[in-house]
> 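First, the structure itself, so that you have it in front of you.
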Amino acid sequence: MIRKPAMALASFVLATACASVTTREGERLRITSPEFRAYVEAVFREQNRVATELAFALESESLAAPDRTSLEAAEQDLLVACEGLNEVAIGRREGADLGPLREASAARRAPQCESAARAAAGVLESIRE
């Protein structure tokens, strides 16, 4: 006889094995695939790069008020969209076990993080022009 927790875990494993995410470019990746893992890592690295650029840009004393407001909004959007990926990365770095359900949930939001990083990079570019 299978207990309810074991059945729930088995259902989760079956559901996540078939689950996929559509990237910003429209590519569908299974969340258990090596391609998805590489995609999430690339998104994480890109959002870190953009967040760093935003932080340095916001430190500029010569930044006009409207530009500062645009950069602050882009930074906030980036932080919210990428919160899950950052939580997983911090958890792994610290050796915490967030559990497969929580990690899968965060990973599924990678396309939103990717979009926010690109939007923030666009704001940076428009201010530099």
> Considering all heavy atoms of both residues, which atom of Arg28 and which atom of Thr22 are nearest to each other, and what is their separation?
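Result for this residue pair: NH1-OG1, 2.7 Å.
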
> Do Leu79 and Val88 share a hydrophobic cluster, counting only Ile, Leu, Val, Met, Phe, Trp and Tyr and linking them when any side-chain heavy atoms are less than 4.5 Å apart?
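No, it is not one cluster - the side chains of Leu79 and Val88 are not joined through contacts under 4.5 Å.
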
> Provide the closest heavy-atom pair for Leu58 versus Glu72 in the form atom of the first, atom of the second, distance.
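For Leu58 and Glu72, the tightest heavy-atom pair comes out as CD2-CG, 3.7 Å.
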
> So which atom in Ala57 and which in Leu63 form the shortest heavy-atom distance, rounded to 0.1 Å?
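Answer, listing the atom of Ala57 first, then Leu63: O-CD2, 3.6 Å.
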
> State, to 0.1 Å, how close Ala120 and Val50 come at their nearest heavy-atom pair, and which atoms those are.
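Taking Ala120 first and Val50 second, the nearest heavy atoms are CB-CG1, 3.6 Å.
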
> Pairing donors with acceptors under 3.5 angstrom, does anything connect the side chains of Arg30 and Ser20?
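Absent: no donor and acceptor within the cut-off.
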
> Got a sec, which pairs hit side-chain hydrogen bond (donor to acceptor under 3.5 Å, both in side chains) with one end in residues 56-66, sequence neighbours left out?
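For residues 56-66, and leaving out neighbouring residues, the side-chain hydrogen bond (donor to acceptor under 3.5 Å, both in side chains) pairs sorted by first residue read Ser60-Ser62.
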
> Rounded to the nearest 0.5 Å, how far apart are OG of Ser105 and CD1 of Ile31?
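It is 9.5 Å, given to the nearest 0.5 Å.
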
> Got a second to check how far Ser126's OG is from Leu71's CG, nearest 0.5 Å?
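That separation rounds to 7.5 Å.
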
> Could you see if Leu78 belongs to whatever hydrophobic cluster contains Ile127? Use Ile, Leu, Val, Met, Phe, Trp, Tyr and a side-chain cutoff under 4.5 Å.
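In one cluster with Leu78: Ile127, yes.
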
> If you take all heavy atoms of Val40 and Ala110, which pair is closest and at what distance?
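What the structure gives for the nearest pair is CG2-CB, 4.1 Å.
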
> Only pairs at least two apart or in different chains count here, so list each side-chain hydrogen bond (donor to acceptor under 3.5 Å, both in side chains) that has a residue in residues 39-52.
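Listed once each, the pairs are Tyr39-Glu114, Glu41-Arg45, Glu46-Arg49, Gln47-Asn86, Arg49-Glu53.
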
> Working to the nearest 0.5 angstrom, can you tell me the gap between Leu85 CG and Gln112 CD?
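Answer rounded to 0.5 Å: 9.5 Å.
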
> Taking all non-hydrogen atoms of both residues, which atom of Pro111 and which atom of Val21 are closest, and how far apart?
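That closest heavy-atom pairing would be CG-CG1, 3.2 Å.
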
> Is a side-chain N or O of Arg109 found less than 3.5 angstrom from the main chain of Ala81, in a donor-acceptor match?
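Not confirmed, Arg109 side chain does not pair with Ala81 backbone.
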
